[in-house]
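Have a look at the structure below before the remarks.
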Amino acid sequence: MFPPRLDAPQAYAMAQALMQGFNQHYRLFNAESARAKQRFEAQDWQGQQAAQFERMEFYGRRVQECIARLEAEFEASRQPMAVWQQVKLHYIGLMVDHLQPELAETFFNSVTTRILHRTHFQNDFIFVRAAVSTEYLENSAPDVEPTYRAFYPQTLDKLPQTLTTIVQQLALQCPFDDLERDVQRLAARMRARLQGVMLRANFQIQVLSNLFFRNKGAYLVGRIISGYSELPLAIPILHDGNGRLVLHAALFGEDELHGLFSFARSYFLVCMDVPSAYVHFLHALMPRKPRAEIYNALGLGKQGKTLFYRDFLNHLRHSSDQLRIAPGIKGLVMLVFDLPSFPYVFKLVKDRIASTKETTRAQVKSKYRMVMHHDRGGRMADTMEYSLVAFPRSRFSDELLAELQAQAPSQIEISDRDGDGQEEVIISHLYIERRLVPLNLFLQECLAEAPANPARRAAMEKAVIEYGNAIKDLVATNIFPGDMLWKNFGVTRGGKVVFYDYDEIEYLTDCNFRAVPPPRSEEDEMSGEVWYSVGPRDVFPETFGPFLLGHPAVREVFLRHHADLLEPAFWQTHQQRIRAGQIADVFPYDKSCFLAGGDDGFDVRAYAAGADAAQAPPSAPPAPAAAQAGA
């Protein structure tokens with residue numbers, strides 16, 4: 001079937017307006033990302049964090065501006081579908097040689113799906129799949145800065161000179177404390193990692209041209225190549241306690257870069273003329289990480305959502321298992337389901353929230369939005385929010401569909417929109433997160449096998465320690481998780497414990513941590529009732545134990561490592577620290593990655609003065625857009 005003739009001037013003008021709207025968006029987005037370098041050099045940490053969160057609002061504003069223009073100039077919502085089909089074809093023509101075509105497609109979808117009636121979703125009037133290739137875009141734009149640069153040490157002995165050149169070409173407008181010392185340490189770490197690797201003629205270090213900025217850290221990302229061997233590399237650059245720059249650590253290999261680019265961490269600020277080229281480079285370093293998550297990590301969340309949904313549709317086509325109620329204890333607020341063969345969970349707020357939960361759907365949505373705008377410190381799973389998501393009816397288990405119709409009937413519609421006899425289940429509002437192993441189930445399995453399996457006992461101990469560490473990292477970012485039950489935390493593939501149930505979170509500084517008053521009488525002591533007044537924001541850490549530490553083995557490990565979490569003083573001390581503006585470090589890498597030794601007189605504490613650190617607000621808790629802290 002031939003496409004319609006492209007002879008409607010109005011359609012071309014509408015396509016131009018759409019492209020101008022996108023170009024304006026990306027120009028502002030990239031400019032804000034580029035300014036991160038100046039803020040880093042000036043140690044403007046509040047400005048850096050404000051920019052991180054302010055940038056998240058750019059996309060929605062530009063979409064609304066573009067819609068307003070299309071309506072004002074073209075009465076876009078009244079145009080016949082034949083015109084819209086030509087608009088799309090003209091728009092494809094405008095994407096030829098464009099440096100961000102995949103992002104432009106997503107922008108087109110965002111605008112048109114808000115203008116057109118939703119029955120036209122997923123058809124000829126939007127981009128269901130990519131229409132323009134993103135391969136080798138740089139080759140058609142000679143004036144664009146190369147995505148990465150290659151440096152050739154030739155021998156391991158020349159690594160310090162090469163590393164010095166790499167750092168100097170970044171043109172950071174701040175003095176280093178001792179660059180020669182730092183590159184010698186970095187070179188020594190590289191030599192150790194390259195031990196046994198034969199140096200071939202192509203021995204080189206490739207680094208992305210622009211630094212990645214997040215909170216107080218700047219990250220140089222690249223890889224070491226020799227022959228067929230490739231070693232991913234990231235070098236954090238920080239300010240020390242005296243405001244001078246240091247190379248703080250060396251991260252090697254896919255696993256350590258996964259920690260840096262984790263879905264539980266906040267987004268980077270990085271200037272990119274060709275974002276698809278950055279994604280391609282990063283995916284080569286981390287092939288297990290979906291491209292959707294890499295786009296998210298770069299602050300391009302809408303593109304991440306687009307790719308995720310395309311991946312999901314592709315997975316549905318090539319699989320046959322059914323959506324089911326997710327394993328674990330059912331929540332009182334959220335209904336959670338998953339597809340066993342797909343590594344994500346789908347969550348929606350129930351219509352009728354249990355009476356024991358003093359919250360509303362609007363409040364729950366505000367909590368999730370708070371998390372999106374707050375620094376997650378490596379301990380809160382990223383969430384993608386969708387509206388009007390269509391699933392094939394045939395992929396729902398009877399049990400799940402009955403649960404949806406019972407718990408969230410106002411959000412479910414079953415229809416045959418295309419009239420082809422294939423019913424769909426359309427969910428009006430949905431959150432999607434990476435699937436983790438619920439911590440309560442993980443501990444149950446470990447404890448059941450621990451008597452005969454020392455490795456499972458060790459895994460249990462590690463998980464309990466990680467659970468306490470997760471809470472303490474959240475505290476460092478000014479977050480109180482609220483419901484601290486094991487079921488609200490999950491274990492990642494790498495064994496890290498991450499929080500994922502946000503309906504009761506609060507800013508730490510909004511809470512009132514109290515000790516349980518002594519009983520007034522013997523009757524109080526024997527009574528099962530609370531004998532003291534409890535305010536709406538009161539928290540009694542002493543009472544956590546009975547809910548969390550029922551199993552003796554778990555209790556022993558927890559008390560050995562995290563008994564301070566059961567004391568009001570721990571929480572009150574951190575509240576005071578946050579209100580005083582003091583910093584707590586939450587690094588996105590292990591201390592074993594630090595370059596500073598400790599046996600040579602170097603001040604590790606000053607050296608570690610704050611990449612991705614918790615910068616507390618000076619007074620009251622900040623609004624979400626100015627939330628502080630984390631990694």
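Basis for what follows: all heavy atoms, side chains included, without hydrogens, waters or symmetry-related copies.
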Problem - Listed partners of Glu138 passing salt bridge (Lys or Arg N to Asp or Glu O under 4.0 Å), at least two apart - result: none
Completion exercise
Those residues at least two apart in sequence (or on a different chain) that pass salt bridge (Lys or Arg N to Asp or Glu O under 4.0 Å) with Glu433 are Lys347
Handout entry: Test side chain to side chain contact (heavy atoms under 4.5 Å, CB included) applied to Lys462 - qualifying residues, sequence neighbours left out
Key = none
Problem - Residues forming a side chain to side chain contact (heavy atoms under 4.5 Å, CB included) with Ser133, sequence neighbours excluded - result: Glu135
Within this structure, what is the [atom1]-[atom2] distance for the pair [X] and [Y], rounded to the nearest 0.5 Å?
| X | Y | atom1 | atom2 | result |
| --- | --- | --- | --- | --- |
| Arg244 | Leu238 | CZ | CG | 15.0 Å |
| Arg376 | Phe263 | CZ | CZ | 9.5 Å |
| Phe489 | Ile471 | CZ | CD1 | 4.5 Å |

Practice task
Compute whether any side-chain donor of one residue and acceptor of the other, for Gln48 and Asn215, lie under 3.5 angstrom apart.
Solution key: no
Problem - Flag for Arg55-Ser33: side-chain donor and acceptor within less than 3.5 Å - result: yes
Practice task
Decide whether a cation-pi geometry holds between Arg181 and Phe176; the criteria are a distance under 6.0 Å from NZ or CZ to the six-membered ring centre and an angle within 45° of the ring axis.
Solution key: no
Exercise for the section: Could you list the residues that satisfy side chain to side chain donor-acceptor pair (under 3.5 Å) with His280, not counting sequence neighbours? Expected result: none
Is any side-chain N of the basic residue among [X] and [Y] closer than 4.0 Å to the acidic one's carboxylate O?
| X | Y | answer |
| --- | --- | --- |
| Arg310 | Glu105 | yes |
| Asp255 | Arg288 | yes |
| Arg39 | Glu32 | yes |
| Glu57 | Arg369 | yes |
| Glu65 | Arg61 | no |
| Glu254 | Arg223 | no |

Completion exercise
Residue pairs passing the side chain to side chain donor-acceptor pair (under 3.5 Å) test with at least one member in residues 165-175, sequence neighbours excluded, are none
Exercise for the section: Look at atom OH of Tyr148 and say whether more than 12 heavy atoms of other residues, nucleotides or ligands are closer to it than 6.0 Å. Expected result: no
